[in-house]
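Worksheet: the structure to be examined is printed underneath.
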Amino acid sequence: MTALLHFEDFHAGQVFDCGSYAVTKEEIFEFAAEFDPQPFHLDEEAAKQSMLGGLGASGWHVCAMAMRLACDGVLLKSANRGGSRIEETRWMRPVRPGDDLRLEIHVVATSETASRPELGFVKMEWRLFTAAGQVALMIVTPRIAKRSAA
């Protein structure tokens with residue numbers, strides 16, 4: 001078993017490749033029906049007439065897919081103690097059925113906290129791509145345990 005990454009293992013400039021995820025039309029419909037039932041996520045004809053210009057995944061679905069990749073790529077391999085904030089989320093272009101999403105996590109900064117000395121904050125940019133380019137950006141800051149707290 002590989003040792004967990006702790007706060008001390010993260011540094012600004014670090015980049016993690018979190019793998020890829022294949023998007024299906026069925027899951028776009030399923031997620032939208034349950035959580036974001038707007039016509040352009042549920043109906044291909046309505047989607048063609050929308051600003052998306054065709055069927056696209058809900059932005060919240062895109063965030064969920066990014067979270068899956070982040071968990072597999074970094075969070076489940078670290079002494080993660082949960083998120084403290086999401087500063088920003090941008091959806092730059094639609095995610096379509098058949099897209100293969102790829103997530104890169106860039107460590108922007110690390111900071112300690114006086115109120116919880118056993119933890120530190122790791123500010124990250126989650127950059128989500130398809131073959132056509134970047135589709136989303138999320139700036140998140142999870143709490144990561146320090147090695148001494150393990």
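All of these numbers come straight from a predicted model, not from anything done at the bench. Residues: numbered from 1 along the sequence shown. Basis for what follows: all heavy atoms, side chains included, without hydrogens, waters or symmetry-related copies.
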Does R90 use its side chain to pair, donor to acceptor, with the backbone of V135 at less than 3.5 Å? no
Problem set entry | Main-chain N/O of A136 paired with Q134 side-chain donor or acceptor, under 3.5 Å | yes
Taking every heavy atom of L76 against every heavy atom of R68, the minimum-distance pair comes out as CD1-NH2, 4.4 Å
Say whether F40 and W60 are linked into one hydrophobic cluster, either directly or through other cluster members, by side-chain heavy-atom distances under 4.5 angstrom.
no
The reported gap from NZ in K48 to CD in E44 (rounded to nearest 0.5 angstrom) is 6.5 Å
**Asked** Heavy atoms, side chains only, cut-off 4.5 Å: are M138 and E88 in contact?
**Response** no
CG (L69) and OG (S20) are apart, to the nearest 0.5 Å, by 7.5 Å
ask   = Are any of the side-chain nitrogens in E118 or R81 under 4.0 Å away from the carboxylate oxygens of its partner?
value = no
key: Neighbour count above 12 (heavy atom, 6.0 Å) for W91 CH2   = yes
inquiry  = Do P97 and T24 make a side-chain contact, defined as non-hydrogen atoms from C-beta onward lying under 4.5 Å apart?
reply    = no
Report task. Return yes when atom CE of M92 has more than 12 non-hydrogen atoms of other residues, nucleotides or ligands closer than 6.0 Å, and no otherwise. Result -> yes
Shortest non-hydrogen pair, A66 vs L128, comes out as CB-CD2, 4.3 Å
Nearest heavy-atom contact between V122 and P142 is O-CD, 2.9 Å
inquiry  = Whether the T130 and D99 side chains hold a donor-acceptor pair (N or O, under 3.5 Å, no angle test) is what I'd like checked.
reply    = no
*Would you confirm whether R127, through its side chain, and L137, through its main-chain N or O, come within 3.5 Å as a donor-acceptor pair?*
no
- request: Would you indicate whether the side-chain heavy atoms of F16 and W126 approach each other to under 4.5 Å?
  value: no
Cluster question for you: counting only ILVMFWY and a side-chain heavy-atom cut-off of under 4.5 Å, with indirect links fine, are I144 and M67 together?
-> yes
Review point. Do M124 and F10 come within less than 4.5 Å of each other through their side chains, counting heavy atoms only?
Key: yes
If you group Ile, Leu, Val, Met, Phe, Trp and Tyr by side-chain heavy-atom gaps below 4.5 Å, do L4 and V74 land in one group? no
Looking at R96 and L55, would you say the former's side chain and the latter's main chain have a donor-acceptor pair under 3.5 Å? yes
OG (S148) and CD (E8) are apart, to the nearest 0.5 Å, by 6.0 Å
* **Geometric class of the H61/F31 ring pair [parallel <30°, tilted 30-60°, perpendicular >60°]** => parallel
On a heavy-atom basis, the closest approach of L52 and P94 is CD2-CG, 3.9 Å
Is it true that R147 and D9 make a salt bridge, defined as a side-chain N closer than 4.0 Å to a carboxylate O?
yes
_Looking at K123 and T110, would you say the former's side chain and the latter's main chain have a donor-acceptor pair under 3.5 Å?_
no
Legend entry - Expected output: side-chain Q14 to main-chain H11 donor-acceptor under 3.5 Å: yes
Heavy-atom nearest pair, H41 first then A32, reads CB-CB, 3.4 Å
*C18 versus D72: any side-chain heavy-atom pair under 4.5 Å?*
no
CD1 of I28 to CG of D36, rounded to nearest 0.5 Å, is 11.5 Å
Rounded to the nearest 0.5 Å, the NE2 atom of H6 sits from the OG atom of S78 at a distance of 8.5 Å
- [ ] May I ask you to test the T113-R116 pair for a side-chain heavy-atom distance under 4.5 Å?
- [x] yes
Between the CD atom in E125 and the CD1 atom in I139, the distance rounded to the nearest 0.5 Å is 5.0 Å
**Asked** Would you say S84's side chain and T141's backbone share a donor-acceptor pair under 3.5 angstrom?
**Response** yes
Notebook entry, point to check: Going hydrophobic residue to hydrophobic residue with side-chain gaps under 4.5 angstrom, can you get from I86 over to L103?
Noted result: yes
Note: T89 and C63 closest approach over all heavy atoms is CG2-SG, 3.8 Å
_R85 to F121, cation-pi by 6.0 Å centre distance and 45° axis angle_ = yes
Tell me, do E87 and V140 make a side-chain contact under 4.5 Å, heavy atoms counted?
no
